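So the structure is just underneath, and the comments pick up after that.
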Amino acid sequence: MGAAPQVEISQVPVHVAIVMDGNGRWAEERKRPRLFGHKAGVASVRAVVEAAREIGVRHLTLYAFSTENWKRPKIEVKGLMALLKSYLQSEVETMLKNDIRLCCLGQQERLPTEVRETLTAVINATAGCSAMTLNLALSYGGRNEIMQAVRALAEKCVAGELSVSDLDEALLSDHLYTRGQPDPDLFIRTSGEHRLSNFLLWQSSYAELYFTDLKWPDFGRDQFLEAVADYGRRQRRFGKTGAQLRK
Ligand code: FPP
């Protein structure tokens, strides 16, 4: 693991979610193909996973590929899938060593067979790990996730397994890809864009938002620790007043 954090961290978020944006622009600035940026982005993924595990984050969710990303040029999609496969293959030993469980949020069935097989193998190999859960959002879309949960609940109502009066927020949460996991406390987006982009729409209701102009390949361990330190300086009120919280 890396050196001790250089910034003071007063409160470690239980769940951090990240929109890893800006790989393409980072590469274009260097007059290189977009895939060059995605490759550089993998190094940031490694650094951030390591830092998160080290400071005690329990759930880390990375938006690696959205349902909308299928519309990108074939060559970019193919390159991203190849990167993903090689990342999973090269990281499984480190995940086991660091007690990290891998999960996938999204439409796994849409992924190319060999990516799906590698993903399943790593998910199974790390199923017993418990220090941190690393969620990779792959072919993920927040509206799609909510819609499939609503559909599953409706089917249970029609089948008589549930009645409409049983439906509540907890039950809906239980039908999302993140079932059993806490909602994100901190939501980070790189590259200067201030959008949610269909990421964890239901789960991020009370997440603290952190935006940085840095593009994802320039976001590493120190930048992640700075985001966590910034989170520690926020007051989370969950609808209450500051005075109520001080009691
Ligand atoms: C957004 O940047 C990034 C992606 C769509 C892919 C993110 C993928 C990686 C970081 C590498 C592979 C992932 C793992 C987990 C190994 P963009 O391409 O939209 O950038 P732009 O907005 O500058 O075009």
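As the structure lists them, so they are numbered: ligands from 1, and atoms in each ligand from 1. Just so it is clear, the model here is predicted, and its values are computed rather than measured.
- Under the 3.5 Å distance criterion, the side-chain polar atoms of R189 are left unmatched by any main-chain donor or acceptor of M20.
- At a heavy-atom distance under 4.0 Å, only side-chain atoms of W216, from C-beta outward, approach ligand 1.
- Between Y140 and Y63, the ring planes lie perpendicular to each other; the angle is over 60°, past the 30° to 60° tilted range.
- With D185 contributing its side chain and V16 its backbone, the two residues share no donor-acceptor pair below 3.5 Å.
- Annotation: L83 places no N or O atom under 3.5 Å from an N or O atom of ligand 1; distance criterion only.
- Atom 15 (C) of ligand 1 has its closest protein heavy atom at L136 CD2, 3.9 Å.
- Side-chain atoms of E145 come within 3.5 Å of backbone atoms of Y177 as a donor-acceptor pair (strictly under, hydrogens ignored).
- Counting only heavy atoms of the protein, atom 12 (C) of ligand 1 lies nearest to V42 CG2, 4.0 Å.
- With S204 contributing its side chain and A207 its backbone, the two residues share no donor-acceptor pair below 3.5 Å.
- Of all protein heavy atoms, the one closest to atom 20 (O) of ligand 1 is G24 N, 3.1 Å.
- In this structure, G22 has a heavy atom closer than 4.0 Å to ligand 1.
- Atom CZ of R143 is surrounded by 12 or fewer heavy atoms from other residues, nucleotides or ligands within 6.0 Å.
- Scanning all protein heavy atoms for the shortest distance to atom 10 (C) of ligand 1 gives N23 ND2, 3.4 Å.
- Residue Y63 has no N or O atom closer than 3.5 Å to an N or O atom of ligand 1.
- From the protein, the heavy atom lying nearest to atom 1 (C) of ligand 1 is M20 O, 3.2 Å.
- An N or O contact shorter than 3.5 Å links R34 to ligand 1 by distance.
- Judged by distance alone, the side chain of N198 and the main-chain N or O of G142 form a donor-acceptor pair under 3.5 Å.
- No continuous path of hydrophobic side-chain contacts links V14 to L60 [ILVMFWY only; heavy atoms under 4.5 Å].
- Applying the 4.0 Å criterion to heavy atoms of A64 picks out, from ligand 1, the atoms 6 (C), 7 (C), 8 (C).
- Distances shorter than 4.0 angstrom occur between a heavy atom of R72 and an atom of ligand 1.
- A heavy-atom separation below 4.0 Å is found between N69 and ligand 1.
- Not a single donor-acceptor pair under 3.5 Å links the side chain of H38 to the backbone N or O of L80.
- Summarising the local packing, CD1 of I75 is surrounded by 12 or fewer heavy atoms from other residues, nucleotides or ligands at distances under 6.0 Å.
- With hydrogens and angles disregarded, a donor-acceptor distance shorter than 3.5 Å links the side chain of R116 to the backbone of L111.
- Atom 21 (P) of ligand 1 has as its closest protein heavy atom R25 NE, 3.5 Å.
- Scanning the protein heavy atoms around atom 14 (C) of ligand 1, the nearest turns out to be L84 CD1, 3.9 Å.
- Shortest contact from atom 4 (C) of ligand 1 to any protein heavy atom: H38 CE1, 4.0 Å.
- The Y87 neighbourhood of ligand 1 comprises atoms 16 (C), with distances under 4.0 Å to a heavy atom of that residue.
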